[in-house]
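Quick notes on the structure that follows.
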Amino acid sequence: MRLRLVPDETHWDFMKWRHWTFGASVIAMVASLIIWAVMGLNFGIDFLGGTTIRTESTQAVDVGAYRAALDPLALGDVTITEVFDPTFGPDENVAQIRIQAQEGAESVTPETIAAVEAALQQVDPSLTFPSVESVGPKVSGELIMTALIAVGASLAAILFYIWLRFEWQFSVGAIAALIHDVVLTVGVFSLLQIRFDLATIAAILTIIGYSINDTVVIFDRLRENLIKFKKTPLIEVMNRSVNETLSRTLMTSGTTILALVALIALGGDVIRGFVFAILWGVVVGTYSSVYVAKNVVLMLGVERDPKKPSDAGTQFADIDA
Amino acid sequence: MLQIALWKRLSILLVCVIGLALAAPNLFYGPVERHNDAATALERGAVPTPEIEAALAEWPDFLPSGLVNLGLDLRGGAHLLAEVQLQDVYASRIDGYWPEVRDILRELRDTVGTIRRQEAPPDELRVRISQPEGMQAAVEAVRELASPIVSMTGVGQTDIAVSGSGDVLTLTLSEAERAATDDRTMQQSLEIIRRRVDEAGTREPTIQRQGADRILIQVPGIGSAQELKELIGTTAQLTFHPVIARGADPSTTPSADELLLPDMEDEGVFYLLERSPVVSGDELVDSQPGFDQNGLPAVTFRFNPAGARAFGVYTSENIGAPFAIVLDEEVVTAPTIQSAITGGSGQITGNFNVEEANRLAILLRAGALPADLTFLEERTIGPELGQDSIDAGQVAAVVAMVAVIAFMILSYGIFGFFATVALSLNVALIFGLLSLIGGTLTLPGIAGIVLTIGMAVDANVLVFERIREELKTAKGPARAIELGYEKALSAIVDANITTFIIAVILFALGSGPVRGFAVTLGIGILTSVFTAIYVTRLLIVFWFERRRPRTIEV
């Protein structure tokens, strides 16, 4: 007996909903951009400069008392958040303190850190500081640039590779799907105000990798079917390709989501934001492979000349590595 | 039919065995690490003590002993990104030219008149002469100081540029000389930081140049970034200057060729010194803590021949005059020269205790940093936090693994089982390869491995789904399996190449933890394609040859 996520043969008309889904995607993207513009992103110190101090104590965290202790130091904008995690024991009370970048100093001065630590230990002598991280404004500016370049370079490289292996319409479709995924991810980060730092950029690039993986598998089948069914309308070939690869799509998403859920539940709070981004990206990426990438290809149309034997790919399409 | 040549079978098995062997030491992390530490200690010439022998015996020599390095976020430690203030060096180079320029122009007194050093940006020397009509001669004379540059890029150029306009003569370093100086400064800074960090005997520090003027320093196991900064010491510049006046008024503004520095101990006492040092710390070859004739802690030092000569000449010409020993912009002491010191060694006495003398000697011995460092980024991660992350990551990886295995076996039966064997092997190969290349495992790296566990089955899923489809057209099981692998290949290759491109870009542009993630992701793609295509296929072929099933269910 086998577990089947979908019946062996399906003939679901995926493309029937293409207008609805495409509309929904456009609305979701616009909404993400608006949320982003209005709420902004909760940038971490990687991008904003400043200092974060993680505190751990056997006593309960008292955010108000911490704040009162730090106020006399006049450090500017200070945020104190308590961190909760199911992996913490009863005597692990963790808080995260973030201090804005100080005027005129590249990174935090040792005196500032010593003063902060002393002030907090007045409140709670059992307090320890498992991590202290400080990034100067100079580096953070560069990190933003590098991050943007990384995302841009990835998109360009993929655009080029898909164009080489398939046709330009596919390439445009794939990129549209990727941009869709990235925008929606940024939107969610803005909406939930999850900390956005370098690891998030790595997560976004991973999402791009996962999503393109998914898109390519469906495109590959589409390319094959376009050769097999030369006379069938494009939309039907697409439906067929999605149906044929559906079981695989769900299996792979399923195993990946299983692994990620394990990580999000048990992997500790330090990487939760990172894993959440990837998890969200897997869901969105799976959806966008079917509805965004193919919709765009459908709109652009694919040139199909029934006389030529291998018209559905470019000259590189038959190279198997 | 399903066939794999014998040599292919053997190579596939061999790769798996080697991978497992390379990964194995990581299961015994503690003992292997102690063994490796002991081995390095012996290599460095440590005397074999019972402890070292015991540590050495914890892991046999003939087994592979490469380990995956744990990143700072897992092991705990400190991370600093320092920017070297390269222009500091220009300033000291320029200061070094002043006495020579002064002497040359003094000889030309008849044509240029009196000279005076002007205030100027630190990388420029400006001299005003009282007879502007002698400028031409002055420029030509000073130009004699220029020497050709010996470097790949600067062929045919000289190290300084001299120009005159009106009554001001300007000396600057040439472009090529600046580039050469920058490079030398960076090399020197790297070397000195490395030596100082090594003196502290920490394990596997990372000291890397980043970009034109930055140095990344990561030291696992050190208590805090602050401690690391103290260890590196931001300056520790030792120089010897002629004293113009002791007890100078702190409110005086020194002229361009003078320095006003405070005394290290006596508060409120200032010295007026000549800006150009007689000898600087670069020329120091050795420094040891010791005691002076009164039994008080002192630091002895020795110069290299050039330094010894300069020091000898100066002391013999200035007997009876005071000179100042300056450390980090503070006058340690300003003794009077009793006799010519020609041997090139001397002693610094001051109000030190033994510990301070010791620390000063280490700083001097390691050499002065040629330029100041500013710290752009600093991170301290406590060891407990790292251990928590490792534990959490392990639990998550095991749970993910079990979940995926159950899911695969439920979905594909015996084939799913083969895929999970390949998956386990895949994780082992990732660790094997990481150990082989001395890669670093970071927290995002663990996430990368867990993600790979999820995604690695993708290639197998593609193949199995394809086999299912091919079975429907009833070509017989062997043919279906073969076609399944064949037809799924292009999708597998395209999908993995695109992901690999991302890993490469992440590696090229990322830093620290992101880079660690890129490495595990990239390696994970390579090993998962290998295990999914070759290993599962081999397993299926073995199984098929033994059972010869008439029908198969995937």
Side-chain angles (χ1 to χ4, degrees), chain A residues 2-4 8 54 87 106-108 110 113 128-136 138-139 146 149-150 153-154 157-158 161 165 198-199 201-202 205-206 208-210 212-213 216-217 220-221 244 247-248 251-252 254-260 262-263 266-268 270-271 274-275 278 320-321, chain B residues 73 81 224-226 229 374-382 384-385 388-389 392-393 395-396 399-400 403-404 407-408 410-413 443-444 447 450-451 453-455 457-458 461-462 465 468-469 489-491 493-499 501-503 505-506 509-510 513-514 517 521 553:
Chain A
R2 296 285 194 268
L3 173 76
R4 288 276 194 275
D8 270 354
R54 187 181 167 98
T87 59
E106 260 310 322
S107 75
V108 72
I113 291 183
T128 55
F129 306 94
S131 85
V132 178
E133 304 190 42
S134 178
V135 178
K138 195 170 185 176
V139 175
T146 320
I149 292 172
S154 309
I158 287 168
Y161 184 79
R165 291 282 288 174
L198 264 191
I201 296 292
L205 287 168
T206 313
I208 292 179
Y210 183 88
I212 193 69
N213 189 318
V216 164
V217 169
D220 182 78
R221 185 56 69 103
E244 282 174 358
S247 167
R248 172 268 159 195
M251 273 303 293
T252 301
T255 52
T256 311
I257 288 172
L258 271 181
L260 289 171
L263 202 55
L266 304 163
V270 182
I271 50 169
F274 176 72
V275 178
I278 298 182
D320 276 330
Chain B
D73 51 352
L81 182 65
S224 72
Q226 189 48 32
K229 276 203 227 167
T374 13
F375 294 101
L376 304 180
E377 198 183 320
E378 48 182 279
R379 298 172 196 260
T380 306
I381 292 113
E384 316 82 38
L385 186 60
D388 289 352
S389 301
V395 172
V399 170
V404 170
F407 194 52
M408 286 299 284
L410 280 175
S411 300
Y412 299 111
L443 192 51
V450 177
L451 181 67
I453 294 176
M455 285 176 67
V457 292
D458 183 51
V461 169
L462 276 168
E465 291 291 331
R468 271 187 192 170
E469 280 176 48
L489 190 65
S490 81
V493 167
D494 278 342
N496 282 290
I497 285 182
T498 44
T499 317
I501 291 175
I502 304 275
I505 290 173
L506 268 178
L509 293 171
V514 174
F517 174 71
L521 186 67
E553 193 195 355

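Lettering follows sequence order; numbering is per chain, from 1.
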Pairs of heavy atoms under 4.5 Å with chain A: top-ranked of B/G393, B/S389, B/G382: B/G382

Residue among A/T128, A/T206, A/I208 with most heavy-atom pairs under 4.5 Å to chain B: A/T206

Greatest number of non-hydrogen atom pairs under 4.5 angstrom with chain A, of B/D458, B/T498, B/I505, B/V404, falls to B/D458

Ranked by heavy-atom pairs below 4.5 Å to chain B, first place among A/A157, A/S247, A/G268 goes to A/S247

With respect to chain A, which residue among B/D494, B/I502, B/L462 yields the maximal number of heavy-atom pairs within a distance under 4.5 Å? B/D494

Closest-packed option against chain A by number of heavy-atom pairs under 4.5 Å, given B/S224, B/A396, B/A503: B/A396

Closest-packed option against chain A by number of heavy-atom pairs under 4.5 Å, given B/D388, B/N496, B/L521, B/V399: B/V399

With a 4.5 angstrom heavy-atom cut-off, could you sort out which part of B/I501 is near chain A: side chain, backbone, both or neither? side chain

By side chain to side chain donor-acceptor pair (under 3.5 Å), A/E244 pairs with (sequence neighbours left out) A/R221, A/N225, A/R240

Considering only heavy atoms and a distance below 4.5 Å, find which of A/I278, A/T146, A/N213 pairs most often with chain B. A/N213

Donor-acceptor pair, side chain of B/T380 and main chain of B/A225, under 3.5 angstrom: yes

Residue among B/L81, B/L385, B/V457 with most heavy-atom pairs under 4.5 Å to chain A: B/L385

Heavy-atom side-chain proximity of A/R248 to A/V217 below 4.5 angstrom: yes

Heavy-atom proximity to chain A below 4.5 Å, by part of B/I381: both

Has B/S411 got a side-chain atom pairing as donor or acceptor with B/M408's backbone, closer than 3.5 angstrom? no

Walk me through whether B/E378 and A/V132 qualify under side-chain contact (heavy atoms from CB on, under 4.5 Å). CA-CA 8 Å; B/E378 48 182 279; A/V132 178; over 6 Å; no

Nearest 0.5 Å, please: how far is OG1 in A/T252 from CD1 in A/I257? 10.5 Å

All heavy atoms of A/V216 vs all of B/A495, minimum pair found to be CG1-N, 3.7 Å

Heavy atoms of B/A400 and A/A262 approach each other most closely as N-CB, 3.8 Å

